[in-house]
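Below: one structure, written as structure tokens.
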Number of protein chains: 2
Amino acid sequence: MSADVSREKFKASLTRRGLRITSQRLAIFAAAFARKEHFTAESLLKHAKAIDASVSRATVYRTLPLMTESQVLREVDIGSGEKFYLPATDMNTQVAQVICVDCHRIFEISAPFMEWYGSTVSLKLGLKPISQRLQVSAQCSAFRQQGRCPNHEGK
Amino acid sequence: MSADVSREKFKASLTRRGLRITSQRLAIFAAAFARKEHFTAESLLKHAKAIDASVSRATVYRTLPLMTESQVLREVDIGSGEKFYLPATDMNTQVAQVICVDCHRIFEISAPFMEWYGSTVSLKLGLKPISQRLQVSAQCSAFRQQGRCPNHEGK
DNA sequence: CTGCCTGCAAACTCTTTGCACGAAT
DNA sequence: ATTCGTGCAAAGAGTTTGCAGGCAG
């Protein structure tokens with residue numbers, strides 16, 4: 001799903017809900033889709049401010065749920081205190097995360113069986129599955145041995 | 001793994017690390033193993049205080065990592081702000097959680113394939129897997145229809 | 001008497017919210 | 001006008017930490 005398609009999707013979602021398309025919301029959207037890796041609310045604020053200086057922290061936090069609800073952003077909680085986000089694509093609904101404990105990067109991996117598994121097990125409990133997430137913590141052997149992670153390039 | 005075995009494991013771990021076996025630490029341990037469901041730091045504090053009134057919040061928060069590191073407790077983060085804990089057993093290292101969004105209960109389910117999957121995918125990235133977790137959010141159809149969850153009995 | 005442990009309270013991090021002003025319809 | 005959106009600053013939740021005193025070895 002391209003950024004353009006997502007932007008239209010986001011706008012449509014706002015309109016449908018009677019919300020307004022403001023410059024701040026568009027700046028936050030643009031900042032989010034310019035990121036190449038998972039990002040936090042705080043880093044999103046920084047980048048959004050570079051696009052539109054009037055963007056405030058409060059608006060970022062208020063806009064993030066709007067974007068996840070309209071399915072243009074996906075929220076990833078790795079249990080580290082702060083939440084991460086990344087642009088949603090058609091391809092990454094059934095994904096798991098591999099989190100490198102050394103370089104803290106988050107890798108998205110395809111996990112096609114996940115949905116089936118979640119459904120199977122939920123139904124056994126009489127529950128209706130909504131979503132599932134698989135997260136793998138892993139360490140970088142190269143980093144441990146050489147003090148340098150080949151995947152590492154900041155975050 | 002029985003509570004007695006775990007208690008010895010916990011004590012041995014403390015001793016091995018040159019830490020002391022104090023009444024507060026034992027009270028926190030006892031409170032944790034008396035719980036029947038997942039518990040939070042705050043509820044653990046309450047129960048530990050009932051056993052030993054001198055237990056403070058700080059000590060609970062300082063003891064929880066000691067217990068998870070010595071493998072007598074397992075930490076479960078469902079991305080809800082606060083962390084949950086439960087006694088570790090031999091059987092629940094390869095488990096997933098099904099979280100009911102209606103009654104907020106957490107069900108532990110066996111997921112034997114998980115370890116294999118985590119390994120496979122980590123190794124593909126050149127990483128060494130440490131742990132994996134699968135979490136399924138689900139809703140209770142009964143609750144939605146009858147306003148009452150058959151699984152519900154407080155938390 | 002040295003070093004681990006403790007409770008207390010303050011600090012901290014991330015996120016949410018009340019408020020009054022401003023902008024869009 | 002009315003409703004929605006905003007920034008600011010304060011509040012909030014959960015957790016961590018500095019400190020001075022206490023207790024074990």
Side-chain angles (χ1 to χ4, degrees), chain A residues 10-32 38-70 73 75-85 104 155, chain B residues 10-29 31-32 38-70 73 75-85 104 106 155:
Chain A
F10 180 44
K11 287 192 192 171
S13 165
L14 290 175
T15 303
R16 192 179 332 113
R17 297 165 62 175
L19 302 177
R20 292 169 189 162
I21 297 165
T22 65
S23 67
Q24 289 91 341
R25 284 174 180 162
L26 289 179
I28 293 166
F29 176 93
H38 296 73
F39 54 85
T40 61
E42 201 61 31
S43 78
L44 181 57
L45 169 64
K46 190 179 121 211
H47 290 287
K49 268 193 157 146
I51 297 173
D52 180 338
S54 78
V55 171
S56 72
R57 177 170 291 104
T59 300
V60 167
Y61 276 105
R62 286 190 270 238
T63 302
L64 279 169
L66 297 178
M67 293 201 286
T68 55
E69 284 156 22
S70 61
L73 232 52
E75 189 181 281
V76 177
D77 188 325
I78 63 170
S80 71
E82 58 191 350
K83 285 174 184 164
F84 290 84
Y85 299 87
H104 300 114
K155 191 170 76 240
Chain B
F10 180 44
K11 287 191 193 172
S13 166
L14 290 175
T15 303
R16 193 180 329 116
R17 297 165 62 175
L19 302 176
R20 292 170 191 161
I21 297 164
T22 65
S23 67
Q24 289 91 341
R25 283 174 181 164
L26 289 179
I28 292 165
F29 176 94
H38 296 72
F39 54 84
T40 61
E42 201 61 30
S43 79
L44 180 57
L45 169 64
K46 189 178 123 211
H47 291 287
K49 269 195 155 142
I51 297 173
D52 180 338
S54 78
V55 171
S56 72
R57 177 170 289 105
T59 300
V60 167
Y61 276 106
R62 285 191 270 237
T63 302
L64 280 169
L66 297 178
M67 293 201 286
T68 54
E69 284 156 23
S70 61
L73 232 53
E75 189 182 281
V76 178
D77 188 325
I78 63 170
S80 72
E82 61 192 348
K83 285 173 182 162
F84 290 84
Y85 299 86
H104 301 113
I106 306 171
K155 191 172 73 239

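What you see is a predicted model; the values in this text were computed from it and never measured.
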### Task
Go through the steps to decide whether F10(B) and T63(B) satisfy the test side-chain contact (heavy atoms from CB on, under 4.5 Å), and finish with yes or no.
CA-CA 11 Å; F10(B) 180 44; T63(B) 302; 4.2 Å; yes

### Message
Before you tell me yes or no, could you show the steps for L64(B) and L44(B) under side-chain contact (heavy atoms from CB on, under 4.5 Å), namely the whole-Å CA-CA distance, both residues' side-chain angles and the distance that decides it to 0.1 Å?
### Response
CA-CA 10 Å; L64(B) 280 169; L44(B) 180 57; 3.6 Å; yes

### Message
Rounding to an integer number of Å, can you tell me how far L19(B) CG sits from dA24(D) P?
### Response
16 Å

### Gap between atoms CZ and P, on F29(B) and dC5(C) respectively (whole Å)
18 Å

### Task
Assign each of R25(A) and K49(A) to its nearest nucleotide of DNA chain D by heavy atoms, then name whichever residue's nucleotide is nearer the 5' end.
R25(A)

### Task
Could you check how far CD1 of I21(B) sits from P of dA24(D), rounded to whole Å?
14 Å

## Note on the structure
On a heavy-atom basis, the closest approach of V55(A) and L45(A) is O-CD1, 4.0 Å

### Task
Give a yes/no on whether any side-chain N or O of T22(A) is located under 4.0 angstrom from OP1 or OP2 of dC4(D).
no

### Query
Can you tell me how far the OG1 atom of T15(A) sits from the CZ atom of R20(A), to the nearest 0.5 Å?
11.5 Å

Below 3.5 Å between N/O atoms, which protein atoms pair up with nucleotides 1-3 of chain D? Just atom names and distances, please.
from   : atom 1 : to     : atom 2 : distance (Å)
dT3(D) : O2     : R20(A) : NH2    : 2.9

### Query
Over how many whole Å does the gap from L14(B) atom CG to dG3(C) atom P extend?
20 Å

### Query
Does a side-chain N or O from R17(A) land closer than 4.0 Å to OP1 or OP2 of dC4(D), or not?
no

Between the protein and nucleotides 10-20 of chain C, which nitrogen or oxygen pairs come in under 3.5 angstrom?
from    : atom 1 : to     : atom 2 : distance (Å)
dC14(C) : OP1    : E82(A) : OE1    : 3.4
dT15(C) : OP1    : K83(A) : N      : 3.1
dT15(C) : OP2    : Y61(A) : OH     : 2.5

### Message
Rounded to the nearest 0.5 Å, what separates atom CG in L66(A) from atom CZ in R17(A)?
### Response
5.5 Å

### Query
Got a sec, which residues hit salt bridge (Lys or Arg N to Asp or Glu O under 4.0 Å) with R16(A), two or more places apart in sequence or on another chain?
none

### Query
Please give, in whole Å, the distance from dT6(C) C1' to I28(B) CD1?
11 Å

## Note on the structure
Per side-chain contact (heavy atoms from CB on, under 4.5 Å), L14(A) is matched among T22(A), L19(A), L26(A) by L19(A)

### Message
Test side-chain contact (heavy atoms from CB on, under 4.5 Å) on Y85(A) and V76(A); report intermediate values, then the result.
### Response
CA-CA 6 Å; Y85(A) 299 87; V76(A) 177; over 6 Å; no

### Task
Just do the side-chain contact (heavy atoms from CB on, under 4.5 Å) check on M67(B) and I28(B) with the steps written out, would you?
CA-CA 10 Å; M67(B) 293 201 286; I28(B) 292 165; 3.7 Å; yes

